[in-house]
Amino acid sequence: MTTDFKSIPIIDVGPLVAKGDDLKMGQDADVREVVKQLDQACRETGFFYVKGHGVPESLINEVKDVTHKFFNLPYDEKLKIKMTPSRGYRGYQKLKENITKGVPDLQEAIDYYREVKRGMYGSLGEILEGCNLWPQDPTNFKASMEEYVRLCTDLSRKIMRGIALALGGSADEFEGEKGGDPFWVMRLIGYPGKSPTNGQDNDIGCGIHTDYGLLTLINQDDDITALEVKNLSGEWIPATPIPGTFVCNIGDMLKIWSNGLYEATLHRVINNSPKYRVCVAYFYEPNFDTLVEPLEMCVEKSGGTRLKERAVYGQHLVNKVKSNFVM
Ligand SMILES: N=C(N)NCCCC[C@H](N)C(=O)O
Ligand SMILES: O=C(O)CCC(=O)C(=O)O
Ligand SMILES: [Fe+2]
């Protein structure tokens, strides 16, 4: 259950990153301390900053830098990697093309998904079949992003091990058929700055929503506060950038698996600054074809009441992708 949090906690995941490959990590006192903090943050906020993550700061900055460079290109150039349904919904979406709850978002973006080979998940995965679209310019774009995805996937796997322990499971509770072959999504997002002259009818960069999967790692520009998180009384708490950290939040599938012990907290983005803002959002997801329903151990912890929600992750994603482009 979300609470009336007034700020977003910071967690140093260093010990979890260092020992996260060893399934006996739960016996380590430093890891146990991280697990305790993860449990509290997931219960009370659903959002936390992650420091001590081990992803090089140079790469964190480089992916934002190439994202800025791409969105700075002339429109015709950006359209070379235009997203279409026939390209598996991968690629560039112009301003206001993405829609949240019926309202066009004041953002442009590129969507990347883990590869879905032809027939891989039968008809379930069909609409996402296709190749990711990489711009020629800047030249280091593809290599930087692929390395970034690799490191974010590894970090997320370790954070999920910490969360598995926090819920009272074994470290690899979310692996195997649940998330041992994790899907991923990456969205590079650009939010135009506010100009005094263009009195926008809608200045919402991304409308109020929850994320779809397990964990999101947000890498945002250091100098602009735009992401806001909703607490229990409905106040918007800013996720002010803290250089060198990721903002990490919980998605819909982890809410279901945890039987609602952990919340997928509502959030939105408004860029009130005059500067253009980018965000590199990495989404760590379950296995595409896994059926997600409350874990028995979490139902017990909740006193026996079971959430009614259940979903095949890939179906949940596909439903969202389809509705993201219709008014
Ligand atoms: N892959 C994720 N989680 N993306 C979150 C985007 C939320 C906005 C989207 N238009 C929507 O309405 O869902
Ligand atoms: O731009 C941001 O900081 C967050 C974007 C977001 O919430 C999303 O794309 O799911
Ligand atoms: Fe989000």
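Start at 1 and go down the list; that is how both ligands and their atoms are numbered.
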For ligand 2, does [X] get within less than 4.0 Å through its side chain, its backbone, both, or neither, judged by non-hydrogen atoms?
X      : answer
Thr216 : neither
Phe283 : side chain
Cys279 : side chain
Ile189 : side chain

Is Asp252 salt-bridged to Lys255, cutoff N-O under 4.0 Å?
no
Charged N to carboxylate O under 4.0 angstrom, Glu147 versus Lys142?
no
The Fe ion (ligand 3) reached by Cys206 (N, O or S, under 2.8 Å)
no
Treating [X] as the side-chain partner and [Y] as the backbone partner, does any N or O pair qualify as donor plus acceptor under 3.5 Å?
X      : Y      : value
Asn259 : Leu261 : no
Asn287 : Thr290 : no
Ser273 : Lys275 : yes
Thr210 : Leu266 : no

Please report the C-alpha distance between Glu173 and Ile163 in whole Å, then the side-chain angles of each, then the deciding distance to 0.1 Å, and finally whether the side-chain contact (heavy atoms from CB on, under 4.5 Å) criterion is met.
CA-CA 9 Å; Glu173 191 68 44; Ile163 288 179; over 6 Å; no
Distance col, row Glu285:CD vs Met253:CE, nearest 0.5 angstrom, shows 8.5 Å
Show which atoms of ligand 2 fall inside a sub-4.0 Å distance from at least one heavy-atom site of [X].
X      : answer
Ile218 : 3 (O), 4 (C)
Asp211 : 10 (O)
Val269 : 1 (O), 2 (C), 4 (C), 5 (C)
Arg277 : 1 (O), 2 (C), 3 (O)
His267 : 7 (O)
Tyr191 : 1 (O), 2 (C), 5 (C)

Give me the residue, atom name and distance of the protein heavy atom closest to [atom].
atom                   : result
atom 8 (C) of ligand 1 : Thr100 OG1, 3.2 Å
atom 1 (N) of ligand 1 : Tyr212 CE1, 3.4 Å
atom 3 (N) of ligand 1 : Phe283 CE2, 3.3 Å
atom 9 (C) of ligand 1 : Asn324 OD1, 2.9 Å

Polar atom proximity, Ile99 to ligand 1 (N or O, under 3.5 Å)
yes
Pair Asp39-Arg43, salt bridge (Lys or Arg N to Asp or Glu O under 4.0 Å): steps then yes or no
CA-CA 6 Å; Asp39 186 52; Arg43 282 174 192 272; 3.0 Å; yes
Flag yes if Ile10 and Leu38 sit in one hydrophobic cluster, no otherwise; membership is Ile, Leu, Val, Met, Phe, Trp, Tyr, and two members link when side-chain heavy atoms are under 4.5 Å apart.
no
Is there a continuous path of hydrophobic side-chain contacts, each under 4.5 Å between heavy atoms, that joins Tyr262 to Leu232?
no
Please verify the inter-ring angle class for Phe71 with Tyr276; under 30° counts as parallel, over 60° as perpendicular, anything in between as tilted.
tilted
Could you list the atoms of ligand 1 found under 4.0 angstrom from a heavy atom of Asp211?
3 (N), 5 (C)
Short list, please: which atoms of ligand 1 are under 4.0 Å from a heavy atom of His209?
5 (C), 7 (C)
Nearest 10° is fine: what angle sits at the Fe ion (ligand 3) between NE2 from His209 and NE2 from His267?
90°
What's the atom name of the N, O or S in Asp211 nearest to the Fe ion (ligand 3)?
OD1
Nearest heavy atom to atom 10 (N) of ligand 1: which of Val269, Asn98, Asp252 does it belong to?
Asn98
Could a heavy atom of His209 be found less than 4.0 Å from some atom of ligand 2?
yes
Out of the candidates Lys80, Glu108, Glu97, only one should pair with Tyr92 under the side chain to side chain donor-acceptor pair (under 3.5 Å) rule; please name it.
Glu108
Check whether any N or O atom of Gln220, backbone or side chain, sits under 3.5 Å from an N or O atom of ligand 2, and answer yes or no.
no
Considering the options Phe183, Trp184, Tyr212, which one meets the ring pair (Phe, Tyr, Trp, His ring centres under 6.0 Å) requirement together with Phe288?
Phe183
